[in-house]
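Residue numbering restarts at 1 for every chain, and letters A, B, ... go by the order of the sequence lines. Just so it is clear, the model here is predicted, and its values are computed rather than measured.
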Amino acid sequence: MPELPEVETIVRGLRACLPGRRVEEVVVTQPAILRTPLAQFADTLTGARITAVTRHGKHVLLELSRRSRAGARAWWIVHLGMTGQFICARDGQNHPPHTHAWFPLEGGDVLRYTDVRRFGRMEATSEGAGGIPAVLAALGPDPLEIDAADFAARLRARDARVKALLLDQRFLRGMGNIYADETLFRAQVHPAAAGRRLSRARALRLWAAMREVLAEAIERGGSSISDYVDAGGRPGSFQDLHRVYGRTGEPCVTCGARVRRSIVAGRGSAWCPRCQKK
DNA sequence: GTCGATGTTATCAA
DNA sequence: TTTGATAACATCGA
């Protein structure tokens with residue numbers, strides 16, 4: 001659920017409420033969500049001021065005022081997994097079920113982390129040589145930043161299926177199952193087509209479709225299928241514009257053929273058998 | 001009650 | 001290097 005557009009929407013919401021605020025307290029009731037030992041995590045965050053909130057792929061990056069002895073900036077990195085919610089709430093007392101951590105802020109609000117399936121993770125770390133924490137170094141380029149020629153060249157250098165590549169965070173950071181399927185449909189590319197088998201023109205079309213889908217989804221505040229809400233607890237509306245995802249068996253909006261669903265690269269994939277040829 | 005599916009990634013084996 | 005299978009978890013619906 002929280003793919004690039006959802007995380008971007010959450011980050012924009014957090015930016016309206018977090019920068020400049022100090023973390024007064026760290027409460028973690030489910031330490032398994034942490035990649036950093038609890039004591040170290042709490043030490044890093046407690047009393048620190050949040051100076052900036054950014055997105056890196058599907059990760060939320062909170063820059064902290066604190067610095068390590070070596071002078072490196074500290075970061076709080078959050079990945080929401082499949083069902084994670086990161087909400088800036090007024091009510092610091094009544095937490096919904098599956099709330100595993102919360103962070104009272106100076107001035108009264110509480111930043112709250114809720115995650116039904118507990119696939120999400122958070123950690124406290126410090127910047128690497130490039131200014132961004134080393135844990136994020138292995139991720140590929142951002143789908144909204146990579147240029148068309150570069151994308152086409154990288155795609156066509158690979159034997160793997162396009163769907164697998166779009167979902168591979170080392171190939172591109174931020175795409176997930178919904179936006180991969182919606183991108184492939186708009187570009188009229190079969191999810192199981194091999195990267196190398198795509199013409200340059202089709203690879204470029206895929207790039208354009210990807211940007212278009214992501215931009216529209218961000219504009220609509222993301223897709224709310226089951227759990228996703230933004231930093232204010234509000235759902236997005238891009239699910240109303242899905243053309244294949246969640247429409248299995250329904251007529252293709254372009255040609256009327258029944259939308260199919262099959263497993264490609266281990267992931268459920270929805271596609272139109274008539275519009276999306278290999 | 002059981003089974004299978006659900007948006008995530010990490011890990012292991014071939 | 002790449003790929004596929006599996007596990008982590010809770011919920012929902014058949």
Side-chain angles (χ1 to χ4, degrees), chain A residues 1-10 29-36 55-60 77-86 96-101 113-123 133-140 143 154-185 191-197 213-214 217-218 220-230 235-242 244-249 260-271:
Chain A
M1 151 191 48
E3 306 179 26
L4 187 153
E6 288 77 27
V7 179
E8 180 65 27
T9 303
I10 288 168
T29 57
Q30 181 61 258
I33 66 169
L34 300 179
R35 287 200 183 293
T36 310
R55 177 184 64 77
H56 196 81
K58 299 176 190 174
H59 300 263
V60 178
I77 303 178
V78 182
H79 191 295
L80 298 167
M82 274 172 86
T83 55
Q85 300 178 335
F86 209 27
H98 307 291
T99 296
H100 308 308
Y113 179 80
T114 305
D115 184 3
V116 172
R117 288 182 66 183
R118 291 197 237 159
F119 287 175
R121 293 289 181 268
M122 61 177 67
E123 65 190 287
V135 286
L136 304 177
L139 298 180
R154 293 188 67 221
L155 192 71
R156 298 177 70 222
R158 297 286 296 270
D159 286 320
R161 287 164 292 188
V162 186
K163 169 95 181 208
L165 290 172
L166 291 179
L167 292 177
D168 183 349
Q169 302 300 298
R170 290 162 306 186
F171 182 76
L172 280 180
R173 58 175 195 256
M175 295 289 282
N177 210 27
I178 295 174
Y179 298 103
D181 280 1
E182 291 297 315
T183 294
L184 288 162
F185 174 78
R196 208 179 291 284
R197 297 283 310 275
V213 165
L214 294 174
I218 290 170
R220 287 281 203 136
S223 302
S224 291
I225 304 293
S226 58
D227 300 83
Y228 167 69
V229 290
D230 68 14
S237 67
F238 191 69
Q239 67 280 2
D240 298 338
L241 300 185
H242 290 174
V244 284
Y245 185 85
R247 296 194 65 248
T248 306
R260 281 193 53 183
R261 190 177 171 88
S262 61
I263 303 296
V264 178
R267 304 293 298 277
S269 304
W271 49 285

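- Per the geometry, CZ belonging to A:Phe119 stands 11 Å off C1' belonging to C:dT11, to the nearest Å.
- Rounded to whole angstrom, the span from the CG atom of A:Leu167 across to the C1' atom of B:dA10 amounts to 15 Å.
- With rounding to the nearest 0.5 angstrom, the NZ atom of A:Lys58 is 6.0 Å from the NE2 atom of A:His79.
- One interatomic measurement links the two molecules: CD1 of A:Ile225 to P of C:dT11, which rounds to 19 Å at whole-angstrom precision.
- The base of C:dT11 does not come close enough to the side chain of A:Arg117 for any donor and acceptor atom to sit less than 3.5 Å apart.
- Between the CZ atom of A:Arg118 and the C1' atom of C:dT11 there is a distance of 13 Å, given to the nearest Å.
- Here the side chain of A:Val116 is nearest to one of C:dT3, C:dT11, B:dT9, namely C:dT11.
- Following rounding to the nearest Å, A:Phe171 (CZ) and C:dT1 (C1') show an atom-to-atom distance of 15 Å.
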| message | Between A:Asp181 and A:Lys163, does the salt bridge (charged side-chain N to carboxylate O under 4.0 Å, His left out) criterion hold? Intermediate values first, please. | response | CA-CA 8 Å; A:Asp181 280 1; A:Lys163 169 95 181 208; 2.5 Å; yes

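- Phosphate proximity of C:dT11 to A:His98: present, with a side-chain N or O under 4.0 Å from OP1 or OP2.
- Contact annotation: A:Tyr228 side-chain N/O to B:dG7 OP1/OP2 distance is not under 4.0 Å.
- Applying the Watson-Crick and G-U wobble criteria (two distances, each under 3.5 Å), B:dC3 pairs with C:dG13.
- Annotation: A:Arg196, atom CZ; neighbour count of heavy atoms from other residues, nucleotides and ligands within 6.0 Å is above 12.
- As a whole-Å value, the separation of A:Gln30 CD from C:dC9 P is 9 Å.
- Side-chain contact between A:Tyr179 and A:Leu214 is present, with at least one heavy-atom pair separated by less than 4.5 Å.
- At the heavy-atom level, A:Glu3 lies under 4.0 Å from the strands shown only through sugar-phosphate atoms.
- Within the structure, a side-chain polar atom (N or O) of A:Lys58 is placed less than 4.0 Å from OP1 or OP2 of B:dT9.
- Base pairing annotation: C:dT2 forms a Watson-Crick or G-U wobble pair with B:dA14, both donor-acceptor distances under 3.5 Å.
- In this structure, A:Gly266 reaches neither bases nor backbone, as no heavy-atom distance under 4.0 Å exists between it and the strands shown.
- Rounded to whole angstrom, the span from the CG atom of A:Leu139 across to the C1' atom of B:dA10 amounts to 13 Å.
- A:His100 and A:Thr114 are not linked by any side-chain donor-acceptor pair at a separation below 3.5 angstrom, with hydrogens and angles left out of the test.
- The distance from the CG atom of A:Asp115 to the CD atom of A:Gln85 is 8.5 Å, given to the nearest 0.5 Å.
- Between the P atom of C:dT11 and the CG atom of A:Asp227 lies a distance of 10 Å, rounded to the nearest Å.
- Listed candidates were B:dA10, B:dG7, C:dT3. Nearest to the side chain of A:Met82 is B:dG7.
- Residue A:Arg158 is in sugar-phosphate contact alone, with no base atom involved, counting any heavy-atom pair closer than 4.0 Å across all strands shown.
- Residue A:Asp115 is out of contact with every strand shown, counting any heavy-atom pair closer than 4.0 Å.
- C:dA5 and B:dG4 are spaced 16 Å apart, taking the P atom of each and rounding to whole Å.
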